[in-house]
Protein chains: 2
Amino acid sequence: MMQKLDGSEDLRVHRTRKSLEQALIEGTVEKGFEALTVRDITRRAMVNRSTFYRHYLDKYDLLEQHLNAIYQGLEEEGRIVEEGRYEGLIELLKQLQQFSNFYRLVLGTHSDTFLSLRFRQQTQQHCRAYFQQTFPEATADPDTLPFDLKFTTVSSAASSALLWWLEQERPSTPEQFAHWMQQIVYDMLVPTFKQKK
Amino acid sequence: MMQKLDGSEDLRVHRTRKSLEQALIEGTVEKGFEALTVRDITRRAMVNRSTFYRHYLDKYDLLEQHLNAIYQGLEEEGRIVEEGRYEGLIELLKQLQQFSNFYRLVLGTHSDTFLSLRFRQQTQQHCRAYFQQTFPEATADPDTLPFDLKFTTVSSAASSALLWWLEQERPSTPEQFAHWMQQIVYDMLVPTFKQKK
DNA sequence: CTCCCCCTGTCGCATAGGCAACACATTCCG
DNA sequence: CGGAATGTGTTGCCTATGCGACAGGGGGAG
């Protein structure tokens with residue numbers, strides 16, 4: 001068996017997954033997510049179809065895992081709220097910007113209902129994890145505003161901000177926008193939690 | 001042993017070679033061919049360095065094989081001179097156009113001497129093979145203009161035309177330019193060979 | 001209805017490619 | 001000068017991936 005538990009993957013694995021994600025994005029832009037078949041994806045990625053199934057259950061699973069991966073930088077770099085430290089967020093924005101065609105499809109109002117639903121779920125889930133990690137004390141404390149309430153409003157605001165940014169004609173740089181997002185989130189959180197220190 | 005002699009490669013082989021060619025092109029554009037190391041190429045291609053050496057002797061070999069591959073469509077599709085049949089040429093032009101940064105470096109007057117020399121050699125070699133195949137009778141016939149003379153002038157003209165096209169600010173479409181090239185080559189060849197029929 | 005075509009998942013076997021280590025050359029810096 | 005750092009080629013072993021075949025499942029046209 002010998003499961004690899006450390007983060008260092010075999011280079012082949014890394015390359016295969018990246019190719020498939022790339023092919024998913026391009027294919028979705030070209031003919032839409034629902035019309036896209038596993039064969040389409042693997043042909044484009046130059047990966048054998050059987051290999052696809054060694055990594056993913058189906059195209060939905062691929063999408064989900066890809067969206068998960070998008071956020072990992074955020075969690076690793078962390079600490080949006082602290083001074084000037086949001087490299088993770090900037091990485092995320094760069095990824096979104098690079099394939100903005102795709103993510104506009106995923107996020108946008110005209111999107112496939114499945115896709116947009118899934119994306120919002122992912123967004124919320126990751127925001128939740130992030131905030132629980134950043135403010136562990138807030139989760140349990142009954143005196144403050146209910147954690148779930150605060151979390152819901154913040155992640156909703158963040159989603160809207162992202163969507164707004166993606167749909168701009170000439171979007172500002174990831175760095176600039178990251179700064180704005182940081183400010184928004186900061187302003188929302190400070191009144192609730194900051195004074196406790 | 002069991003050498004694969006048919007054209008159908010293992011998908012992995014195809015993918016690996018494509019990745020390495022792509023990395024060569026991008027790397028050359030970014031930091032120049034001479035400054036580029038094998039490590040650079042393999043890192044960018046997400047291919048292990050040892051795998052590189054299973055396919056190529058060194059970066060020069062990679063370049064040479066890549067340039068060879070570029071022309072294969074020409075030889076397979078063939079028949080530039082015949083009516084409207086130059087799909088191979090169009091494919092070639094599309095490739096050149098897609099990475100015109102790179103090929104301008106390779107072809108251009110300011111290019112690295114090794115690169116430009118190698119490219120011109122390749123061009124001549126493929127032109128020669130092509131013409132020998134298209135006009136097999138001309139090679140031996142002592143009555144016509146010497147084959148080598150004709151071939152030299154034609155391939156030189158073709159190289160200049162290609163370079164001209166690559167250096168245009170707003171180049172015409174591959175289809176349009178292919179048509180022009182066909183006309184040039186046709187006009188050069190017809191007086192010599194066509195009347196023999 | 002059947003036939004045909006393309007899709008999905010899954011399998012066993014063959015192999016290309018990853019990894020780690022090697023000797024050796026080179027540059028560069030104290 | 002000497003050694004750290006980085007590059008080139010090469011090797012042996014292990015494994016992810018390709019290939020081909022399979023059963024099963026829609027749909028579309030006769």
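All of these numbers come straight from a predicted model, not from anything done at the bench. Chain naming here is simple, since letters A, B, ... match the order of the sequence lines and numbering starts at 1 in each.
Taking hydrophobic clusters as Ile, Leu, Val, Met, Phe, Trp and Tyr residues chained together by side-chain heavy-atom distances below 4.5 Å, A:Leu92 shares a cluster with A:Phe99.
With hydrogens and angles left out, the side chain of A:Arg12 and the base of D:dT15 share a donor-acceptor pair within 3.5 Å. Scanning atom types as modelled, one donor and one acceptor separated by under 3.5 angstrom connect the side chain of B:Arg54 and the base of C:dG18.
Look at A:Thr16 and you'll find a side-chain N or O under 4.0 angstrom from OP1 or OP2 of D:dT17. Between B:His55 and C:dA16 there is no side-chain N or O to OP1 or OP2 distance below 4.0 Å.
Each of A:Arg15 and A:Tyr53 lies near DNA chain C, and the nucleotide nearest A:Tyr53 is the one positioned closer to the 5' end. Summary of the strand contacts: B:Met46 and A:Asp40 both lie near DNA chain C, and taking for each the nucleotide with the nearest heavy atom, the more 5' one is attributed to A:Asp40.
Here the side chain of B:Lys59 pairs no donor or acceptor atom with the backbone of B:Leu24 at under 3.5 angstrom. Between the side chain of B:Gln95 and the backbone N or O of B:Glu91, no donor-acceptor pair lies under 3.5 Å.
Using the six-membered ring where Trp is involved, B:Phe177 and B:Trp165 have ring planes that are parallel, under 30° apart on the 30 and 60° scheme.
Atom CG of B:Asp10 and atom C1' of D:dG20 are 13 Å apart (whole Å). Across the protein-nucleic acid pair, A:Phe52 atom CZ and D:dT17 atom P stand 13 Å apart, rounded to whole Å. Between the CD atom of A:Glu34 and the P atom of C:dC7 there is a distance of 16 Å, rounded to whole Å. Protein atom CG of B:Leu11 is 16 Å distant from nucleotide atom P of C:dT15, rounded to whole Å. Computed from coordinates, the B:Leu57 CG to D:dT8 P distance equals 14 Å when rounded to whole Å. When rounded to the nearest whole Å, the span between CG of B:Leu36 and P of D:dT6 equals 17 Å. When rounded to the nearest whole Å, the span between CD1 of B:Ile41 and C1' of D:dG7 equals 13 Å. Computed from coordinates, the B:Lys18 NZ to C:dG17 C1' distance equals 19 Å when rounded to whole Å.
Note on B:His14: nothing from the nucleic acid sits closer than 4.0 angstrom, heavy atoms only. The residue B:Ser50 sits close to a base: some heavy atom pair falls under 4.0 Å.
The side chain of B:Arg39 sits closest to D:dG7 out of C:dA16, C:dG18, D:dG7. Nearest to the side chain of B:Asn48, among C:dG17, C:dC7, C:dC19, sits C:dC19.
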When you look at B:Phe33 and B:Tyr60, which way does the ring pair (Phe, Tyr, Trp, His ring centres under 6.0 Å) test go after all the steps?
CA-CA 9 Å; B:Phe33 182 75; B:Tyr60 301 96; 5.5 Å; yes
